[in-house]
2 protein chains.
Amino acid sequence: MVKKKNISIKEIAKLADVSVATVSRVINNNGRFSDKTKEKVETIIKEYGYTANIAAKSLRTSKSKTIGLIVPNIDNEWFSQLALDIENYFFKHNYSVFICNTSQNEEKEVAYFKSLDSKLVDGIICISGIETIPSDSLTRDIPIVCIDRKPKDHSNAYYVESNHYLGGYLATEELIQQGCKNIAIVSRNKSLSVNKQRLMGYRQALKDYQLQENKQLELLLDIEQANYEGAKEAINQLIKNNIPFDGVFATNDWRAYGVLVGLLENNVKVPDEVKIIGFDDIFISASSHPSLSTIKQNIPALTKTACSLLLDLMNDIAINDEKKQFILPVEVIRRDSTS
Amino acid sequence: MVKKKNISIKEIAKLADVSVATVSRVINNNGRFSDKTKEKVETIIKEYGYTANIAAKSLRTSKSKTIGLIVPNIDNEWFSQLALDIENYFFKHNYSVFICNTSQNEEKEVAYFKSLDSKLVDGIICISGIETIPSDSLTRDIPIVCIDRKPKDHSNAYYVESNHYLGGYLATEELIQQGCKNIAIVSRNKSLSVNKQRLMGYRQALKDYQLQENKQLELLLDIEQANYEGAKEAINQLIKNNIPFDGVFATNDWRAYGVLVGLLENNVKVPDEVKIIGFDDIFISASSHPSLSTIKQNIPALTKTACSLLLDLMNDIAINDEKKQFILPVEVIRRDSTS
DNA sequence: GTGAAAGCGCTAACAA
DNA sequence: TTGTTAGCGCTTTCAC
C-alpha cells in the first residue's frame, strides 16, 4: 500500500509561498491574514488532504480535544447507551473520547486516570462507581463531571443524575396503586448511592401508604448476585420459603427480568398474581413477554446536561459554581407487568 | 483544587543531576546507564509522581500507544462485548483504545479514519460494516484488522471472523434434526457478508437434506427492520398470511427473540409447534423464557486472534503474509426452543 | 497582513 | 556510561 507521506504545515507554507505562521492562522481562523492568502492556503490544504498532527498541537497547547469516559462496564446496555450518546455529542463538537472500562476495579480506575492525564485529555466524565474520584492521580486541573455517581464532598467534581429517590418512590407507588400489599424489593446491597436512594424511596412510599415494612422482602444482593441470575434465584428462594408477596420492585430492568422469568418458571401469573416494576427502561423491559413496567431515566437529558456542562467547563465558560449538582426527573412507564 | 504542576523530564534530570538523555534512557530502559543512576532517577520519578507527556512522545516517535476501534453501534450487546474484550486486551498491553461509533454511517466512518490518522493511532480494528475500508483517508501505513468484515480484495487489511456459513448450516441442520420441515429464515437483506454467508449455509442445509426451498419463507428485512421489532412483525405477517412453518432460523439473537415473542403473542407454542434458533449467543438467548437455542460465536477466540494479530503487526513482528484471513469455528448451543 | 523564531517534552544520533 | 543537541509539527509572541 503506497501512502502519501503526511504533509506538514511547513510544506503547506512552502507550497503556498507564505510562512508557517500564516498557515497556522488560516487553519485556526485566528485572523490577520488576507482573503487571498486564506484561499491560497485552503486550496493547497484540500489538494493535499492535509490533516493536523494532533500530537504536535496537543504538545503545544496542552489541549487534546479528547475526553475520557470512565464507565464500569460497556457491556451493559444501560452504560453503553449513555456511552453512545456521549460519544455522539462530542463527535459533533470535534472531540474524541477514550472509553475506559473499569470493570468495577479501583486499581484499573486509578491506572486510567493516570493514563488519561498523560494523554492530556481536556476533561473526564465518570459514570457510576465509587464515590471517591482518584483525582489526585491527575497532574492537571481538568474538569470532571459525574453521572449517577455522587462525588465526595471535598471533590470539586460536578454531577448529574436522575432522581433515584423519586424513582424508587414512584415505582413503589405504582405497585401500591395497582393493589399490591406485600411489595418486595430486589436491589444491590452495596451502598452505591443510586441503589440506596431507590431503596429509600421504596421505604418512604410504603410508609406514606401505611404499608408494613418487612425486612424479609428486602432482597439486597451482593455485587456478583445483583444481576438477572441472582434476582431469579432470590425470587425462587422467596417462593420456596413461602413468604407471601404480590409485587416486586426490582431496581434495574435486568433484575426485573430475572424476577419475571423466575415467576414464570414457577407458574406464577404476571401481572395477575404478582406485579413487577423495574428501573432504567432498557430494551428488555419493552420487549419481554409480558412487557415490564419500569422507571424511565431520561438518557438524552442526562447526557446532554453532563456533556454540555463538561464542554462549558473545558472552554472556561462561566458556570454558576454554587450549582454543582443536577437532578433530573424520572417517569413511570406502565406496561403489562403492572396492568 | 491545587495541582502539582506536571513535572518534565528536564526537571527530573536537574533533580537527579544527570542529563535528559539519561533520564529518557532509564524511563525507556534503553540501556547504557549505571544501576546507581537508574536508582537515583527512579526515586525522583516516584517521588514527584512523574508521568510522561504522551503528546511529546507521540510527536517524537510517531507512535501513540493507541488504537482505534471502529464499531457500528456500541449500544448493541454483541458489539459491546467485543469492544470490552478488545479494550481489556489492549489495556494489559498498555495501549488505549479510541472507540468510534459509526452508526452505520459511511461519512462518519471516513471522518473517524481521518481523526484516528491525525491522532497517530498505531493500528485500527474494524468490526462489521461495509466492505470498503476508507484506508485512503489514512496518511500513514498502519495495520488494519477486521472482525466480521471481509475487506475488498485489493485492501491489505487482515480479517478474522467466525464461520458464518457453517453457522447457518448448523443452525438449519439443528432444526431439521429436531423434525422441522418448513424452515423460515429471518435475516437482513443487505449483502453484508456475514448475513449472506449465514443465508448460504441455510440454503445448503435445506438442499443437503432434500427439503424444498421456499422463497416465501426467506424473510429478508431492511436495515431498519432487521431487529427485534421487525422480526416480530415479519412473523406476525407470516402467520396472518397462513404460510405454514414449523421452524425459524433467525440470524441473530435479537431477531430470534422477536420471533419468539411474536409467536407467544399469537399463542403458538415454542418449541412444540414451532422451533427457533438464533445466532451469536448473547445474554437474551440464555435468559428468555423459553430459552433460545443459538449458534455461539467464540468471542474470546475472535478478539484474541484479532488483537494479537494487530499487536504483532504494530510491532513489526513477522506475519505470514499469505495468511490474511482467519476463520474460527462456531458451535450449536441447544436450549429449550429446539428441544 | 505577514514572517522569524522560540519552545512545548521527548527521543536518538552523535560525541565524548 | 553519560551528555549535547537537533528536531518531531505546531502555536504564538514580537517585530516589521
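Just so we're on the same page: letters track the sequence lines, and every chain starts at 1. Here the structure is a predicted model, which means the values were calculated and not measured.
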*Taking only side-chain nitrogens and oxygens of A:S58, does any of them come within less than 4.0 Å of OP1 or OP2 of C:dC8?*
no
_Euclidean distance, atom NZ of residue A:K40 to atom C1' of C:dG1 [Å, nearest integer]_ = 12 Å
*Heavy-atom pair of closest approach, residues B:S137 and B:D117*: O-OD2, 4.0 Å
*asked:* If you compare every side-chain N and O of A:S19 against the phosphate oxygens of C:dT2 (OP1, OP2), does one of them come in below 4.0 Å?
replied: no
_Between P on D:dT12 and CG on A:N29, what's the gap in Å once rounded to a whole number?_
13 Å
*asked:* Whether B:T37 contacts D:dT1 is assessed here as follows: a side-chain N or O lying under 4.0 Å from the phosphate OP1 or OP2. Is that the case?
replied: no
Interface polar pairs with nucleotides 12-16 of chain C, N/O, under 3.5 angstrom:
none

*Partner of B:S24 by side-chain contact (heavy atoms from CB on, under 4.5 Å), out of B:T22, B:N28, B:I27*: B:N28
*Nearest heavy-atom neighbours spanning A:V26 and A:E42*: CG1-CG, 4.0 Å
_d(CG, B:N53; C1', C:dG7) in whole Å_ = 13 Å
_Heavy-atom closest contact (B:V110 atom, B:P134 atom, distance)_ = CG2-CB, 4.0 Å
*Contact under 4.0 Å: A:T22 side-chain N or O vs C:dG3 OP1/OP2*: yes
*Round to a whole Å and report the spacing from NZ of B:K63 to P of D:dG9.*
16 Å
*For B:D17 and B:A56, take the nucleotide of DNA chain D holding the closest heavy atom to each; which residue's nucleotide lies nearer the 5' end?*
B:D17
*Provide, to the nearest angstrom, the distance between the CD1 atom belonging to A:I9 and the C1' atom belonging to D:dT12.*
12 Å
*Short question: side chain of B:T305, backbone of B:A301 - any donor-acceptor pair under 3.5 Å?*
yes
*Give the ring-plane orientation class for A:F90 versus A:Y95, where under 30° counts as parallel, over 60° as perpendicular and anything between as tilted.*
perpendicular
_Measure CG/B:L59 against P/C:dC8 and give the value in whole Å, please._
13 Å
*How is B:A55 classified with respect to the nucleic acid when contacts are heavy atoms under 4.0 Å: base, sugar-phosphate, or nothing?*
nothing
*asked:* Can you measure B:E39 atom CD to D:dT2 atom P for me and round it to whole angstrom units?
replied: 13 Å
*For B:E109, what residues pass the side chain to side chain donor-acceptor pair (under 3.5 Å) criterion, not counting sequence neighbours?*
B:R149
*What's the CD-P distance between A:E11 and D:dG9, to the nearest Å?*
8 Å
_Below 4.0 Å: OP1/OP2 of C:dC10 and any side-chain N or O of B:K10_ = no
